[in-house]
Amino acid sequence: MSTVSSAPPLWLRDNCPCADCRDPRNGQKLFQITDLPAGLAVETVLDALTADGAPAREVVWTPDGHRSVYADTWLDAHLPGSPAAGPGNGPGDGRGEDDKELWDAAGLAGRFPEAEWAAYTADPAVAAGALESVMRFGFVLLRGVPLRDRQVLDVARTFGFVRETNYGELFEVRVEADPNNLAFTGARITPHTDNPYRDPVPTLQLLHCLVNAAQGGDSGLVDGFHAAALLRAQDPQAYEVLTRVPVPFTFTDDRTTLVAHRPLIGIDPTGRIREIRFNNRSIGTLRRPAAELEAFYAAYRRFGALLSRPELRLEFRLAPGDCLIFDNTRLLHARTAFAESGERHLQGAYADIDGLASTLAVLRRKAVTA
Ligand code: OGA
Ligand code: ZN
Ligand code: ZN
């Protein structure tokens, strides 16, 4: 473990908590990195106390004589190499594979993430548990949500902000006479992520079931992070190709032309799985060297086969009043075909997971201070 005096000086000074360095009202930094003197170094380290009396170290800096007081608890949690600071690059950002519990269908047996709407809206602990499920498993199913037109928007507003798109504030999933998307027919829809042709992609999707009286139309979810991790273990080269080759996803109708060039498996700067885009309906024409196209298509098939493995797919049937909230950067969703003679109606909306994570963090903060 490094000590205060061996910590990188610019890093340590950038974290000075004093009122000259940070506005005490909001904690925001008041200086630019370029304002710090060249040759910055720790001159002396003294035992001290923070303003509220906690044990601390006081650093006297050279050449400018600035003084910084760091609480021991802060140093223990943040100094590079301290166990609490996490392995390697420190804790993740909450979005990558290391911050998730990866699952297959059997792994969720007996602990399907769900909550009752009445309890979810009345009890902050139930709300926190439901939002935690979205972060951890990638989804939660809220039950007993009122069967009201546009209710899905109110569900999104319990934790964040609706993301409006060319489909509108919400979209109707039901059979349409002239569908601009196969979702609006009775066709089977294989596991996919929504809107991969958008950059940024909507990170959360909601599907609120109003009517599900048709023959068929059952739902499926697949953990795309789990499938990608399996691919990495079984065929590292295929995995690598899918993290590297940009895929042009497209959507076109008479009012819209959307294109995004992203890989099927997005990795974060530390090389961990962070974002899946997979949608056979909207993959456009790749234009790459022939050898790369060969490698891409072999890997795409391999990943597609993994994603269709029955043991990876959690199956259930949405009932009226169910609202599924899921991470559209991780889970793939699917439905079986349904008879167009029967009635089936869902209302869908998009939102973003940073807002959900923020609501969860505030709920947790309040639970700690309550
Ligand atoms: C969608 C979709 C699934 C369903 O609208 O994006 O995938 O159950 N719908 O109809
Ligand atoms: Zn300072
Ligand atoms: Zn979809």
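Predicted, not measured: the structure shown is a model, and the values here were computed from it. Atoms within each ligand, like the ligands themselves, are counted from 1 in listed order.
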Original post:
To the nearest 10 degrees, how large is the angle at the Zn ion (ligand 2) between His66 NE2 and Cys16 SG?
Top reply: 110°
**OP:** Kindly assign one of parallel, tilted or perpendicular to the pair Phe171 and Phe184, based on the angle between their ring planes and the thresholds 30° and 60°.
**Re:** tilted
**OP:** With heavy atoms only and a cut-off of under 4.0 Å, state how Leu346 meets ligand 1: side chain, backbone, both or neither.
**Re:** side chain
Whether [Y] and [X] form a salt bridge (side-chain N of Lys/Arg under 4.0 Å from carboxylate O of Asp/Glu) is what I want to check.
X	Y	answer
Glu275	Arg277	yes
Asp327	Arg136	no
Arg111	Glu101	yes
Arg143	Glu116	no

Original post:
Can you tell me which residue and heavy atom of the protein come closest to atom 8 (O) of ligand 1, and the distance to 0.1 Å?
Top reply: Arg344 NH2, 2.7 Å
Can you list the atoms of ligand 1 that are under 4.0 Å from a heavy atom of [X]?
X	result
Gln205	6 (O)
His192	6 (O), 7 (O)
Asp194	6 (O)

**OP:** Please determine if Arg281 has a nitrogen or oxygen closer than 3.5 Å to a nitrogen or oxygen of ligand 1.
**Re:**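 No; the residue has no nitrogen or oxygen that sits under 3.5 Å from a nitrogen or oxygen of the ligand.
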**OP:** Please calculate the OD1(Asp194)-the Zn ion (ligand 3)-NE2(His333) angle and round it to 10 degrees.
**Re:** 90°
Original post:
Is there a donor-acceptor pair under 3.5 Å between the side chain of Asp235 and the backbone N or O of Ala238?
Top reply: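 Indeed, once roles are kept as given, a pair shorter than 3.5 Å links the two residues.
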